[in-house]
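Step one of this worksheet: look at the structure below.
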Amino acid sequence: MQTKYKSVMCKDIEPSMSGQSVTIAGWVHQIRDLGGKKFIIVRDGSGLVQVTVSKDSAQKELIDIVEQLTLESVIQVKGVVKADSRAPRGVEIVPTEIRILNLAKKPLPLDVSGKVPADLDTRLRERVLDIRRLEMRAIVRIGDTALRVIREVLRSKGFVEVFTPKIIATATEGGANLFPVIYFGREAFLAQSPQLYKELLAASLERVFEIAPAWRAEESDTPYHLAEFISIDIEAAFMDYEDVMKILEEVIYEVVKAVKQENEEDLKILNYTPPEVSLPIPRVRYVDAVNMLRSKGVEINVGEDLSTPHLRVLNEVLNTPLYFITEFPTKIRAFYTKPKDDDPLFSESFDLVWKHLELASGSSRIHIKEQLIKALTERGLNVESFSFFIKWFDYGMPPHAGWGMGYSRLLLMLTGRSSVKEVTLFPRDKKRLVP
RNA sequence: GCCGCGGUAGUAUAGCCCGGCUAGUAUGCGGGCCUGUCGAGCCCGUGACCCGGGUUCAAAUCCCGGCCGCGGCGCCA
């Protein structure tokens with residue numbers, strides 16, 4: 001799209017356009033100065049293109065401007081496209097005018113061109129420059145593909161995208177710590193999950209999904225936790241856990257397929273191949289998982305939750321990158337989780353695990369008021385504070401099920417990075433509040 | 001929060017075990033040469049031992065405390 005500042009994007013300049021006059025605008029990615037020949041690699045939102053300035057043919061002012069340039073300065077270049085096999089991608093621009101729109105200070109606090117690696121801590125401190133790096137752009141583009149495909153798959157199944165409130169009244173859902181906010185003089189909290197509201201919406205709209213932030217003020221200080229994260233949630237009436245598992249595995253399958261097809265170049269930049277996904281994704285019952293662990297000498301009893309070290313062993317035993325663990329003990333799951341009809345100690349629940357990382361978790365939900373009150377009471381939760389939720393179970397709450405998936409964790413699987421902080425543009429953790 | 005490892009130029013690292021150097025290298029930056037680079041090349045230069053205390057003739061190096069980071073664990077409906 002032509003704008004006030006540019007006629008084409010860098011990536012779209014091709015040898016076939018030889019002779020055409022163009023205007024580009026972007027950042028000085030690299031300068032290679034050979035004396036009589038100066039190569040400026042210009043980067044914009046789309047990619048890179050080379051601008052070549054020769055001493056003999058170029059005007060003196062042009063040379064003067066090039067000599068002032070610093071890395072990451074913003075420039076606008078008017079010139080003529082020239083096909084040349086010696087240039088990267090076989091094409092370059094011979095400039096007639098170069099304007100400096102913003103001269104960058106030097107030295108840069110971070111190497112954008114990718115010659116010198118930086119620690120994640122440094123990268124997050126200098127995040128805006130870091131995001132200009134080709135690797136980060138690849139991660140963002142892969143995430144974009146994932147979000148698009150998730151929306152497409154869910155819409156094709158009749159789900160509608162919704163938003164639930166992020167400022168909520170009660171902090172009584174369980175163990176997680178919430179961030180308090182002052183709401184017109186009253187105490188309120190940032191939502192830790194859309195759970196209760198998405199259930200209420202499923203009771204009206206039948207199939208809903210939401211992609212939105214959630215907040216948890218946990219002590220958790222690991223490469224898989226953030227204080228603010230994007231949660232991908234679905235909730236559907238007239239489905240059970242097995243129905244929504246099928247939706248989840250199809251979403252994963254389609255996302256991986258699309259990323260492999262559409263982000264080939266980005267994956268190459270990242271030097272990574274996402275795992276092979278074939279349907280159905282293997283399912284392991286919790287009880288069987290515990291037995292497998294015990295047979296490997298791991299000390300664990302039925303009823304205990306599976307920890308990260310447990311999942312590491314399980315992943316080895318199962319020898320598959322992606323798997324479901326199903327039918328967890330009822331008492332280690334959230335109060336709204338539906339116990340199995342024939343064996344209420346276990347529940348209609350599941351986790352989707354990649355290697356040793358929980359990507360998503362879901363269940364059938366209780367839809368009978370008395371059972372819900374019983375579940376709350378058993379967990380020592382204050383029934384009264386859930387009245388805003390329970391009330392609607394009197395007026396046609398259908399059987400329903402759903403899941404929630406961490407967006408940055410999914411991105412870990414799709415990009416091969418090891419920390420959710422790396423794949424989150426501006427991560428919020430216990431220590432980081434800026435930038 | 002606990003355990004482990006670490007903190008050296010703007011960035012990334014060597015040196016630390018075995019105390020003594022003008023603290024090495026890459027990249028960046030400044031200067032010089034160079035008309036086809038694509039991590040350009042070559043030459044010259046520039047710039048650093050986290051903070052505080054201790055041991056010692058002498059500390060980047062050993063010891064103690066602090067701060068910060070990374071990993072593992074814990075916590076995380």
Side-chain angles (χ1 to χ4, degrees), chain A residues 29-41 48-58 63 67 70-72 82 84-92 94 104-126 129-130 133-134 170-178 191-196 199 214-227 229 305 307-310 312 328 330-337 347 349 356 358 361-363 365-366 375-376 378-381 386 389 404 406 418-419 421-422 429-432:
Chain A
H29 189 66
Q30 274 181 63
I31 305 169
R32 286 191 276 271
D33 186 347
L34 275 65
K37 211 90 176 179
K38 296 177 200 305
F39 301 101
I40 308 160
I41 311 298
L48 307 170
V49 76
Q50 173 166 291
V51 174
T52 304
V53 183
S54 302
K55 207 172 195 171
D56 51 9
S57 56
I63 298 278
E67 277 170 356
T70 54
L71 294 176
E72 293 307 311
K82 184 184 156 205
D84 192 317
S85 59
R86 295 169 298 183
R89 283 168 46 224
V91 70
E92 63 191 9
V94 178
K105 203 173 137 184
K106 61 192 178 186
L108 294 168
L110 189 80
D111 171 42
V112 177
S113 72
K115 287 180 203 159
V116 185
D119 294 336
L120 185 56
D121 188 45
T122 308
R123 292 174 50 198
L124 293 177
R125 193 180 68 231
E126 311 298 344
L129 288 178
D130 185 54
R133 293 170 54 252
L134 266 21
T170 48
T172 47
E173 275 186 49
N177 293 308
L178 304 199
Q192 64 174 153
S193 156
Q195 183 62 36
L196 272 25
E199 286 192 50
W215 296 268
R216 291 182 190 178
E218 298 304 337
E219 286 300 307
S220 301
D221 187 12
T222 81
Y224 317 117
H225 289 83
L226 292 169
F229 64 99
D305 207 352
S307 67
T308 303
H310 292 148
R312 286 180 199 276
F328 284 88
T330 302
K331 65 175 183 197
I332 62 169
R333 300 297 277 201
F335 74 86
Y336 47 77
T337 308
S347 59
S349 59
H356 54 272
E358 179 193 318
S361 126
S363 67
R365 325 296 195 188
I366 294 171
L376 282 165
E378 278 171 0
R379 271 159 256 252
L381 294 166
F386 286 92
F389 177 61
S418 55
S419 169
K421 294 170 194 177
E422 183 174 6
D429 61 29
K430 225 179 150 187
K431 297 254 165 102
R432 266 174 274 260

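Naming: A, B, ... by sequence-line order, numbering from 1 per chain.
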- prompt: Taking the C1' atom of each, how far is rC76(B) from rA59(B), in whole Å?
  reply: 45 Å

field: Rounded distance (Å) that lies between atom P of rU27(B) and atom CG of Leu129(A)
entry: 20 Å

Salt bridge (charged side-chain N to carboxylate O under 4.0 Å, His left out) evaluation trace for Lys331(A) with Asp305(A): CA-CA 10 Å; Lys331(A) 65 175 183 197; Asp305(A) 207 352; over 6 Å; no

field: Reading 5' to 3' through nucleotides 28-36 of chain B, protein heavy-atom contacts under 4.0 Å coded B for base, S for sugar-phosphate only, - for none
entry: SSS---BBB

- prompt: Charged N to carboxylate O below 4.0 Å: is that the case for Lys38(A) and Asp33(A)?
  reply: yes

- request: Pick base, sugar-phosphate or nothing for Arg379(A), based on heavy-atom distances below 4.0 Å to the nucleic acid.
  value: nothing

rG74(B): pairing nucleotide in any strand, Watson-Crick or G-U under 3.5 angstrom: none

- prompt: Has the side chain of Thr337(A) got a donor or acceptor that lies under 3.5 Å from a partner of the other kind on the base of rA77(B)?
  reply: no

Who pairs with rG28(B) - Watson-Crick or G-U, where each distance is under 3.5 Å: rU46(B)

task: List in chain and number order the residues that pass ring-ring contact (aromatic ring centres under 6.0 Å, His included) with Tyr224(A), two or more places apart in sequence or in another chain; answer none if no residue qualifies.
output: His356(A)

task: Quick one: list whatever passes ring-ring contact (aromatic ring centres under 6.0 Å, His included) with Phe229(A), sequence neighbours left out.
output: none

- prompt: Does Ser220(A) have a side-chain nitrogen or oxygen under 4.0 Å from the phosphate oxygens OP1 or OP2 of rG74(B)?
  reply: no

query: Going by an N to O cut-off under 4.0 Å, is there a salt bridge joining Arg123(A) and Glu422(A)?
result: yes

- request: Establish, with yes or no, whether the OP1 or OP2 oxygen of rC75(B) is under 4.0 angstrom from a side-chain nitrogen or oxygen of Arg216(A).
  value: no

message: I want to verify a distance call: between rG69(B), rG10(B), rA77(B), whose nearest atom is closest to the Asp121(A) side chain?
response: rG69(B)

Along RNA chain B (nearest heavy atom to each residue), the more 5'-positioned of His356(A) and Thr122(A): Thr122(A)

- request: Using Watson-Crick or G-U wobble geometry with both distances below 3.5 Å, tell me the partner of rC5(B), or none.
  value: rG69(B)

task: Considering only atom C1', compute the distance from rA12(B) to rU22(B) and round it to an integer number of Å.
output: 23 Å

field: Side-chain heavy atoms of Leu129(A) within contact of Pro109(A), under 4.5 Å
entry: yes

- prompt: Phosphate oxygens OP1/OP2 of rC73(B): is one of them under 4.0 Å from a side-chain N or O of Arg312(A)?
  reply: yes

Pairwise C1' distance, rG1(B) and rU27(B) [rounded to whole Å]: 39 Å

message: Can you measure Leu178(A) atom CG to rC75(B) atom P for me and round it to whole angstrom units?
response: 18 Å

- request: Could you tell me the separation between the CG atom of Asp305(A) and the P atom of rC75(B), rounded to a whole number of Å?
  value: 9 Å

- prompt: When you compare rG36(B) with rG30(B), how far apart are their P atoms, in angstrom units rounded to a whole number?
  reply: 23 Å

message: Given rC70(B), rA77(B), rC76(B), identify the nucleotide with an atom nearest to the side chain of Arg432(A).
response: rC70(B)

message: Using atom P in both nucleotides, what's the gap between rU46(B) and rG6(B) to the nearest angstrom?
response: 32 Å

Short side-chain N/O contact from Arg125(A) to OP1 or OP2 of rU11(B), under 4.0 Å: yes

message: I'd like the C1' distance from rG39(B) over to rC63(B), given in whole Å.
response: 44 Å

query: How many Å lie between CD on Glu422(A) and C1' on rG71(B), as a whole number?
result: 15 Å

task: Return the value, rounded to whole Å, for the distance between atom CG of Asp119(A) and atom P of rG10(B).
output: 15 Å

- prompt: In the structure shown, which nucleotide is the Watson-Crick or G-U wobble counterpart of rC21(B), with both distances under 3.5 Å?
  reply: none

query: On a whole-Å scale, what distance lies between the P atoms belonging to rC62(B) and rC16(B)?
result: 9 Å

- request: State the pairing partner of rG36(B); accept Watson-Crick or G-U wobble contacts with both distances under 3.5 Å, and report none otherwise.
  value: none

query: Please give, in whole Å, the distance from rG69(B) C1' to Asp221(A) CG?
result: 10 Å

- request: Nearest whole angstrom, please: distance from the C1' of rA77(B) to the NE2 of His225(A).
  value: 13 Å

message: Taking the C1' atom in each of rC64(B) and rU55(B), what is the distance between them to the nearest angstrom?
response: 11 Å

- prompt: Are Arg379(A) and Phe335(A) in a cation-pi contact, defined as NZ or CZ under 6.0 Å from the six-membered ring centre and within 45° of the axis?
  reply: no

task: Report the base-pairing partner of rC16(B) (Watson-Crick or G-U wobble, both distances below 3.5 angstrom), or none.
output: none

- prompt: Expressed in angstrom and rounded to an integer, what is the separation of Gln30(A) atom CD from rG41(B) atom P?
  reply: 11 Å

task: Would you classify Ser113(A) as touching base, sugar-phosphate or nothing, given that sugar-phosphate means primed atoms plus P, OP1 and OP2, and contacts are heavy atoms under 4.0 Å?
output: nothing

message: Does Arg365(A) reach a base, just sugar-phosphate, or nothing at all? Heavy atoms under 4.0 Å.
response: nothing

- request: Please determine which of Glu219(A), His225(A), Glu218(A) meets the side chain to side chain contact (heavy atoms under 4.5 Å, CB included) test together with Lys430(A).
  value: Glu219(A)

task: Once you apply the 3.5 Å cut-off to both distances, tell me the Watson-Crick or G-U wobble partner of rG52(B), or none.
output: rC64(B)

field: Test: Lys431(A) and Asp429(A) ion pair at under 4.0 Å
entry: no

